[in-house]
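Remember, predicted model here, so these are calculated numbers, not experimental data.
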Amino acid sequence: MKGITVSVVFLLTLLCCVSITANAQSDRGSIVGTVKDPNGAVVSKAKVTVTSLDSGEVREVETSDDGNFTVAELKAAPYKMTVQATGFKTATIDSVRVAVQVTRRQDVNLEVGNVGESVLVTSDSQTLQTESPVQQTNVTERQVRELPLQIGSETAGR
């Protein structure tokens with residue numbers, strides 16, 4: 001009976017360790033940023049809407065008192081971002097690309113005007129990620145298959 005109890009405890013411990021390791025991996029990314037007015041002052045309580053261009057999924061957040069916002073746990077995909085605040089024109093950014101395990105910074109400067117008026121903001125893809133030390137390169141399945149093999153006793157394959 002004691003041997004069965006030890007086996008059950010061992011299996012439960014192993015199961016917990018495996019599940020913790022699995023949770024450490026994520027297929028999501030996030031968008032963070034600060035919303036400011038033309039004078040550089042932060043805009044609190046601005047509504048930030050992020051819409052997936054692939055699935056149409058919509059997420060809404062509100063900026064904090066410091067004008068900061070975070071939209072976490074987004075699937076890796078391109079998104080359209082809209083920022084609205086009373087007394088300002090609506091700002092729209094057509095393509096914000098979110099990658100796996102990457103925090104994308106997208107600051108927004110609003111222009112004074114009516115909410116009904118809008119401003120289209122275009123931005124290039126970000127070359128330097130300042131939010132975390134993660135360095136990422138996406139590779140396709142074909143690129144992996146075409147990797148050269150390095151055969152030797154030290155490398156044991158690839």
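- Glu62 is linked by a salt bridge (Lys or Arg N to Asp or Glu O under 4.0 Å) to nothing, counting only residues two or more places apart in sequence or in another chain.
- Thr90 OG1 to Leu110 CG: the interatomic distance, rounded to the nearest 0.5 Å, is 8.5 Å.
- Here the shortest heavy-atom pairing between Phe69 and Met81 reads CZ-CE, 4.0 Å.
- The two atoms that bring Val108 and Ala91 nearest to each other are CG1-CB, 3.8 Å, heavy atoms only.
- Contact detail for Ser30 and Thr103: the closest heavy-atom pair is OG-OG1, 3.3 Å.
- Checked against side chain to side chain donor-acceptor pair (under 3.5 Å), Thr82 has no partners two or more places apart in sequence or in another chain.
- If you take OG1 on Thr92 and CD on Gln84, they are separated by 8.0 Å, rounding to the nearest 0.5 Å.
- Note on Val112 and Val35: same hydrophobic cluster, where clusters join Ile, Leu, Val, Met, Phe, Trp and Tyr whose side-chain heavy atoms are under 4.5 Å apart, directly or indirectly.
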Donor-acceptor contacts, no H, no angles, side chain residues 36-50, under 3.5 Å, sequence neighbours left out:
| unit_1 | atom_1 | unit_2 | atom_2 | d |
| --- | --- | --- | --- | --- |
| Asp37 | OD1 | Asn39 | N | 3.0 |
| Asp37 | OD1 | Gly40 | N | 3.0 |
| Asp37 | OD1 | Ala41 | N | 2.8 |

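- Within the structure, the side-chain hydrogen bond (donor to acceptor under 3.5 Å, both in side chains) test picks out the following pairs touching residues 50-59 (sequence neighbours left out): Ser52-Ser55.
- Listed by chain and number, the residues in a side-chain contact (heavy atoms from CB on, under 4.5 Å) with Ala76 are Val100 (sequence neighbours excluded).
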Discussion item. Using side-chain contact (heavy atoms from CB on, under 4.5 Å), reason through Val96 and Arg104 one step at a time and then give a plain yes or no.
Written reply: CA-CA 8 Å; Val96 179; Arg104 169 77 189 254; 4.0 Å; yes
Worksheet item: Can Val61 and Thr70 be said to form a side-chain contact (heavy atoms from CB on, under 4.5 Å), step by step?
Response: CA-CA 7 Å; Val61 296; Thr70 301; over 6 Å; no
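- To the nearest 0.5 Å, atoms CD (Gln106) and CZ (Arg97) are separated by 13.5 Å.
- Note that OH of Tyr79 is 7.5 Å distant from CD1 of Ile31, once rounded to the nearest 0.5 Å.
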